[in-house]
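Quick notes on the structure that follows.
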Amino acid sequence: MTHRAGRHFLQIPGPTNVPDRVLRAIDRPTIDHRGPDFNRLARDVLDGLKPIFGARGPVIIYPASGTGAWEAALVNTLSPGDRVLMCETGQFASLWRTLATRLGLSVEFIAGDWRRGADAEAIEARLAADKAHDIKAVCVVHNETSTGAVTRVPLVRQAIDRVGHPALLMVDTISSLGSIAYKHDEWGVDVTVAGSQKGLMLPPGLSFNAISNKAIAASRSAALPRSYWSWDEMLNANKAGWFPYTPATNLLYGLREAISMLMEEGLDNVFARHDRHAEATRRAVRAWGLEVLCAEPREYSSSLTAVVLPEGHDADRVRALILEHFDLSLGTGLGKVAGRVFRIGHLGDFNDLTLAGTLCGVEMGLGLAGVPVVKEGVRAALDYLAEARRPASLPRAVA
Ligand SMILES: *Cc1c(COP(=O)(O)O)cnc(C)c1O
């Protein structure tokens, strides 16, 4: 192994770069999770998470990857054989569907082309036809990480309300929370699923369920088996600042620090920063003469951009060259778009020069791989960054 000087560029759409402040917060002795210091930490994070979700109600924290929180959302609210409506927005929606099917749920999957968010009109039509209210939940992925397309959750809420359907609304925000504006209460979401390693800037290992009163009511009669994921024991213990089993103590130190960082910057500023970097990235892609996978401008993701390569060029070969030459990791194409796209993650602890470095690596790598591009992408992105400057009012991070 030869030593690689400088920092690795981890520009996959999760896990994201962990800021030094969060690393230092985690680097502390593990404490007694039944002692007074832990109790303060637990209360800080349980309360501090609520504004990040836009929720007044409880947010449950699991020592698990995001997939665990997917499972928790379903097993706490549904019964064997229940009908669930999901939308094929991409690989993550497809994985959630597989998980639901394995749990014994009956999933209806609205087909999609992996280039846009969930189709609220199709959801409305399906719910309108469900006069018997057999469908118990509608599950959508807010930011589909495999495609870079966002589902407009308020439109899905309106679709459900227009037909007066009682189904629960569940939303996966694993790659949008803390990067793209999201409002659990205001949008009438019943269960919001999230994870630690993307917009929250933490290492992998924590995941979350923000839950509505309606979801809690559903959990009282839900009959799918559950133990580790059970909300009721967790909610009872959390009320007093405890957990029913050993929590991921050191990750919670990191979570407290990450929440402070997001609050110091201000959530609206965090979202505006992501929007701006995403727009600069898309300008680079177009200037190269390449295509953004997301086909609906109102659904462009601010946390990642999936770039489509011309026929005959293997996206994974381009990624491998970029890693080898520039120590820059980009996201691979997943599922149906494997080999055809690579993904640029521009979320989390990320600034103008991180973006500039990332785009330089991509532009040089496209050249090395012999992909026919116009080498004007970096220039287009930098021009946009200079023109759409950070608002002067933006508070500086407190070191
Ligand atoms: C990353 C991701 C997941 C999977 O989370 P894990 O932590 O890998 O279990 C699910 N959904 C979306 C939208 C994601 O981005």
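Start at 1 and go down the list; that is how both ligands and their atoms are numbered. Residue numbers count from 1 along this sequence. For clarity, every value in this text was computed on a predicted model and none was experimentally measured.
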Can you tell which part of H142 has a heavy atom less than 4.0 Å from ligand 1: side chain, backbone, both or neither? neither

Atoms of ligand 1 under 4.0 Å from any heavy atom of W70, numbered from 1 in the order shown, are 10 (C), 11 (N)

Test of proximity, I174 against ligand 1: N or O pairs below 3.5 Å: no

So if I count the atoms of ligand 1 from 1 in the order they appear, which ones are less than 4.0 Å from some heavy atom of T145? 12 (C), 13 (C), 14 (C), 15 (O)

Nearest-contact summary for atom 11 (N) of ligand 1 - protein heavy atom, Å: D172 OD2, 2.6 Å

Give a yes or no answer on whether the side chain of S196 reaches the backbone of L206 with a donor-acceptor pair at less than 3.5 Å. yes

With a 4.0 Å cut-off on N to O distance, would you call D130 and R126 a salt bridge? no

Using a 4.0 Å cutoff against the non-hydrogen atoms of V141, which atoms of ligand 1 qualify? 13 (C)

Heavy-atom distance under 4.5 Å between the side chains of L252 and P247, does that happen here? yes

Note: ligand 1 atoms sitting under 4.0 Å from heavy atoms of G66 are 5 (O), 6 (P), 7 (O), 9 (O)

Ion pair check, E265 and R273, cut-off under 4.0 Å: yes

Salt bridge between R286 and E376, side-chain N to carboxylate O under 4.0 Å? no

Would the distance check show the side chain of N351 and the main-chain N or O of T354 forming a donor-acceptor pair, the cut-off being under 3.5 Å? yes

Atoms in ligand 1 flagged as close to K198, the criterion being non-hydrogen separation under 4.0 Å: 1 (C), 2 (C), 3 (C), 14 (C), 15 (O)

Heavy-atom distances under 4.0 Å decide this one: backbone, side chain, both or neither, for E144 against ligand 1? neither

Could you tell me which atoms of ligand 1, counted from 1 in the order shown, lie closer than 4.0 angstrom to a heavy atom of S65? 6 (P), 7 (O), 9 (O)

To check your reading of the model: name the closest protein heavy atom to atom 4 (C) of ligand 1, its residue, and the distance in Å. F92 CE2, 3.9 Å

Identify whether the distance between the nearest side-chain nitrogen and carboxylate oxygen of R115 and E291 falls below 4.0 Å. yes

Give a yes or no on whether a salt bridge exists between R282 and E279, defined as a side-chain N under 4.0 angstrom from a carboxylate O. yes

Between W96 and ligand 1, which part of the residue brings a heavy atom under 4.0 Å of the ligand: side chain, backbone, both or neither? neither

Considering only protein heavy atoms, which is closest to atom 8 (O) of ligand 1, and at what distance to one decimal place? Q197 NE2, 4.0 Å

Using only atom types and a distance under 3.5 Å, with no angle test, would you say the side chain of K131 pairs donor to acceptor with the backbone of A128? yes

Per-atom contacts, ligand 1 versus N143 - under 4.0 Å to a heavy atom: 13 (C)

